[in-house]
Number of protein chains: 2
Amino acid sequence: MTGYEVRSVISETLGHFWHESFGQIYPALQALEEAGHVRRTGRGPGSRRVAEITASGRARLRELLAEPVATPPPRNGTLLRLFFGTELAPGAARTLVDEAVRRADEALAGFAAVRAEVSGDDSPEQAFRTMTLSYGEHVARAQLAWAQECRDALDTLEATASDPKEAPGAGG
Amino acid sequence: MTGYEVRSVISETLGHFWHESFGQIYPALQALEEAGHVRRTGRGPGSRRVAEITASGRARLRELLAEPVATPPPRNGTLLRLFFGTELAPGAARTLVDEAVRRADEALAGFAAVRAEVSGDDSPEQAFRTMTLSYGEHVARAQLAWAQECRDALDTLEATASDPKEAPGAGG
DNA sequence: GTCATCATGTAAACCGTTACATGATTGT
DNA sequence: ACAATCATGTAACGGTTTACATGATGAC
């Protein structure tokens, strides 16, 4: 694969849970070549340099995969804004929730397409790929359910705000 | 609040979706003071410098909260390792899933404690706080359901690997 | 007295994105 | 011709963590 192809495959196949930019990939490829973890051809047509993993590269991959999972500090911009909901302009909270729905719907549509592609294959590789896919589906569905709950909560909030004396749901 | 307290409140209240380190907080507090967005007392007992938000600070907060939500490129270490499941040592995939279960269980326990604390209050602030809490709960439950699915898939994978001729679930 | 916690700050290191610079190939 | 895409790289910039340095307060 070329560096360019590495990036395509990452965004197409791991896109919903991983990301690498060219600024990471090309220097990494050079370092890996120097370390003997990949072999690269000279420049071919279109300046392409095809890289191939070596035995030591595969060993290094296994080493890295065996390292403990790093859980980076969370930063969820939607929740941060929602937390400060009382400082938001009217309707802004609802917009945030609507955007979350749109993102989750889009994600689910993408996952459905991949599902259709990979179904029928029962190799171990596909089993593992299906697990990562399923994670995305579960989380996206959870986000949709949560968003619906939020919409209801925002309805209640608006109702009580415009009609402070009434108990919510008691009509008016 | 002191910078130290800001950090405590962030990790206690927003901990499941946001994080700030001292290296961010203290320089930020200085910049905010210079910009007139916070007012700070001189050094009190224990060297504490108490900061308070100003009107312009609150305006700035609203400005920042109105900015579009940035969605950083995803990087999920667990899924990355699982994707390369065939390169993993035997049992490593299961360990990853088990760890995910432990993390989700811990998170849910923490959420339950907060739920108990904030229940009964129906102020707008609490409504928004409950939304962020509920997000954590929905996602954590989705992760648990996913993990159970993964365990089943790993069982099937191990069964077919040790007994390649048998159809999965046909007994033997 | 000493330990944990409260408290403030600085600086180096790290990681990663983004913008830039450049050029080949392919389709229209 | 020209645009889109393929392709490789470098460098600046920005945000964050981590480590370090320092000291007060309160509990035991």
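Below, chains carry the letters A, B, ... as their sequence lines are ordered, and counting in each starts from 1.
- We find that Glu33(B) and Arg39(B) are not joined by a salt bridge, their nearest charged nitrogen and carboxylate oxygen being 4.0 Å or further apart.
- Looking at Gln148(A) and Trp146(A), their side chains never bring a donor and an acceptor atom within 3.5 Å of each other.
- Of the side-chain N and O atoms in His19(A), none sit less than 4.0 angstrom from OP1 or OP2 of dG16(C).
- With rounding to whole Å, Ile25(B) atom CD1 is found 19 Å from dA11(C) atom P.
- For the pair Tyr26(B) OH and dC20(D) P, the computed distance is 19 Å after rounding to whole Å.
- Taking atom CE of Met1(A) as the reference point, atom C1' of dT8(D) lies 17 Å away to the nearest angstrom.
- Contact check, Arg49(B) against dT8(C): no side-chain N or O comes under 4.0 Å of OP1 or OP2.
- One finds a side-chain N or O of Arg75(A) lying less than 4.0 angstrom from the OP1 or OP2 phosphate oxygen of dT17(D).
- Nucleic acid contact class of Thr2(A) (heavy atoms, under 4.0 Å, all strands): sugar-phosphate only.
- Residue-level contact check: Ser47(A) touches the backbone only, with heavy atoms under 4.0 Å from sugar-phosphate atoms and none from bases.
- As a whole-Å value, the separation of Trp18(A) CH2 from dT17(C) C1' is 15 Å.
- Rounding to whole angstrom units, CD of residue Gln24(B) and P of dT16(D) are separated by 5 Å.
- Within 4.0 Å of Arg7(A), counting heavy atoms only, lies no atom of the nucleic acid at all.
- Summarising the geometry, the separation between CZ on Arg48(A) and P on dA7(D) is reported as 5 Å, rounded to the nearest angstrom.
- Proximity of Arg43(A) to the phosphate of dA7(D): no side-chain N or O atom is located under 4.0 Å from OP1 or OP2.
- When heavy atoms are screened at a 4.0 angstrom cut-off, Gln30(A) is found touching the sugar-phosphate backbone but no base atom.
- Salt bridge annotation for Glu106(B)-Arg102(B): present, with a cationic side-chain nitrogen under 4.0 angstrom from a carboxylate oxygen.
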Next on the checklist: Under the criterion side chain to side chain contact (heavy atoms under 4.5 Å, CB included), I'd like the reasoning laid out for Arg103(B) against Gln143(B): C-alpha separation, chi angles, the key distance, then a yes or no.
Outcome noted: CA-CA 9 Å; Arg103(B) 280 195 301 270; Gln143(B) 284 168 339; over 6 Å; no
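- Ring geometry for Phe17(B) against Phe83(A) counts as tilted: the plane angle lies between 30° and 60°, on a 0 to 90° scale.
- Minimum atom distance to the side chain of Pro45(B) is reached by dT25(D), of the listed dT8(D), dT25(D), dT8(C).
- Atom CD in Glu20(B) sits about 15 Å away from atom C1' in dT18(D), given to the nearest Å.
- The residue Gly3(A) sits close only to the backbone: its heavy atoms come under 4.0 Å of sugar-phosphate atoms, none of a base.
- Heavy-atom nearest nucleotides on DNA chain C were determined for Pro73(B) and for Pro27(B), and the one closer to the 5' end corresponds to Pro27(B).
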